[in-house]
Chemist: 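Okay, here's the structure, questions in a sec.
Whatever order the structure lists them in is the order used to number ligands and atoms, beginning at 1. These values consider heavy atoms only, across backbone and side chains, with no hydrogens, waters or symmetry-generated copies.
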Amino acid sequence: MKHLVIATRNNGKIFEIKALLTGLVAQVSSAADFTDFPETVEDGATFEENALKKAREASQFTGLPALADDSGLVVHALGGRPGVFSARYAGDGAGDAANNALLLEECLNIPVEQRQAAFICALALVTPEGDERLFSGRITGRILTEARGDLGFGYDPLFLVDGFDQSMAELTLSEKNSLSHRAQAFRKFREYLEMIE
Ligand code: IMP
């Protein structure tokens, strides 16, 4: 693929996604490269609905194929929260520190063995011709009782990856990008592109 726009302004995501698209797409632009890029209202009930909505608006605005990732953290004992509200768990415009503090507080009385969680990623590709595809990925883990590591972004320091003795924020970018929810969805996207091109 020659030119693709990724429909996000989140610097953490842009960084990871550009690495995941290396060798696959010649030119990768993001929302940050355009003036007046539409701010999609993420009011879908699922990650898939929100990803599709973001990709549709981005493709319509730029006239380019658009890729949108909607992702978040689902904590079993919290009935799936923060879920689709992951970015604004502690309120509109809340940053990672406030969201993580609220997560720790909500998990305070949950025993360690009941702290199962998953990061989920829905990835939507929408072309100007109206073709729409969805790819998904998921990684399971547990919510820690205190932050560990300073790599990655978002809830990474509070997420102990299943099968590892490290939090997601203690993994290097290349380690995270070989196993994360986003990496799995991108692997499916990559296979799809390789099939059609
Ligand atoms: P979105 O931009 O609406 O998809 O919101 C995603 C939110 O989910 C981010 O702001 C983070 O809080 C969280 N999130 C998604 N992916 C990750 C990840 O890989 N690590 C940590 N937090 C993530």
Chemist: What are the atoms of ligand 1, with element, lying closer than 4.0 Å to any heavy atom of Gly154?
Modeler: 21 (C), 22 (N)
Chemist: Would you check the N or O atoms of Asp96, main chain and side chain alike, for any that come under 3.5 Å of an N or O of ligand 1?
Modeler: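 No - when backbone and side-chain N and O of Asp96 are compared with those of ligand 1, no distance drops under 3.5 Å.
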Chemist: Does the residue Asp70 have a heavy-atom contact with ligand 1, meaning some pair of atoms that are separated by less than 4.0 Å?
Modeler: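 Judged by the 4.0 Å heavy-atom criterion, Asp70 does count as contacting ligand 1.
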Chemist: Please state whether the rings of Tyr155 and Phe119 are parallel, tilted or perpendicular, taking 30° and 60° as the class boundaries.
Modeler: tilted
Chemist: State the atoms of ligand 1, each with its element, that fall below the 4.0 Å cut-off from a heavy-atom position in Lys176.
Modeler: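 In order of numbering, the contacting atoms are 18 (C), 19 (O), 20 (N).
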Chemist: Has ligand 1 got any nitrogen or oxygen that is less than 3.5 angstrom from a nitrogen or oxygen of Glu42?
Modeler: yes
Chemist: Could you label the plane-to-plane angle of the Phe135 and Phe189 rings as parallel, tilted or perpendicular, counting under 30° as parallel and over 60° as perpendicular?
Modeler: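 Ring orientation, 0 to 90° scale: perpendicular.
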Chemist: For Leu73, is the nearest heavy atom under 4.0 Å from an atom of ligand 1?
Modeler: no
Chemist: Considering all heavy atoms of both residues, which atom of Ser59 and which atom of Leu64 are nearest to each other, and what is their separation?
Modeler: OG-O, 2.9 Å
Chemist: Which ligand 1 atoms are under 4.0 Å away from a heavy-atom of Lys13?
Modeler: 1 (P), 2 (O), 4 (O)
Chemist: With atoms numbered from 1 as shown, which atoms in ligand 1 lie under 4.0 angstrom from a non-hydrogen atom of Asp156?
Modeler: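 It comes down to these atoms of ligand 1: 18 (C), 19 (O), 20 (N), 21 (C).
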Chemist: So is Arg182 in contact with ligand 1, going by heavy-atom distances below 4.0 Å?
Modeler: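 The answer is yes, since Arg182 has a heavy atom less than 4.0 Å from ligand 1.
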Chemist: Keeping the roles fixed (side chain from Ser86, backbone from Gly83), state whether a donor-acceptor pair exists under 3.5 Å.
Modeler: yes
Chemist: Charged N to carboxylate O below 4.0 Å: is that the case for Lys53 and Asp70?
Modeler: no
Chemist: Between Arg56 (side chain) and Val126 (backbone), is there a donor-acceptor pair under 3.5 Å?
Modeler: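 Flag not set: sc Arg56 to bb Val126 has no pair under 3.5 Å.
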Chemist: Can you sort out the partners of Leu173 under side chain to side chain contact (heavy atoms under 4.5 Å, CB included), two or more places apart, ordered by chain and number?
Modeler: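 Partners of Leu173 by the side chain to side chain contact (heavy atoms under 4.5 Å, CB included) criterion, ordered by chain and then number, come out as Phe15, Glu16, Ala19, Asn177.
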Chemist: If you round to the nearest 0.5 Å, how far is CG of Leu4 from CG of Leu24?
Modeler: 8.5 Å
Chemist: May I ask you to identify the nearest protein heavy atom to atom 6 (C) of ligand 1, giving residue, atom name and distance to one decimal place in Å?
Modeler: Ser71 O, 3.0 Å
Chemist: Are any side-chain N or O atoms of Arg187 and backbone N or O atoms of Gly137, one a donor and one an acceptor, separated by less than 3.5 Å?
Modeler: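 No.
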Chemist: Taking atom CD of Glu39 and atom NZ of Lys54, what is their separation to the nearest 0.5 Å?
Modeler: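 These two atoms lie 10.0 Å from each other.
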Chemist: Backbone, side chain, both or neither: what part of Phe153 comes under 4.0 angstrom of ligand 1, heavy atoms only?
Modeler: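 It is both parts that get close, each with some atom under 4.0 Å.
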Chemist: Show the atoms of ligand 1 that are less than 4.0 angstrom away from any heavy atom in Gly72.
Modeler: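 That gives atoms 8 (O), 15 (C) of ligand 1.
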Chemist: Heavy atom of Arg88 under 4.0 Å from ligand 1?
Modeler: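 No.
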Chemist: I need the nearest protein heavy-atom contact for atom 12 (O) of ligand 1: residue, atom name and distance, please.
Modeler: Tyr155 CE1, 3.1 Å
Chemist: Taking distance alone, with no angle check, do Glu16 and ligand 1 share an N/O pair under 3.5 Å?
Modeler: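 N/O-N/O distance below 3.5 Å does not exist for this pair.
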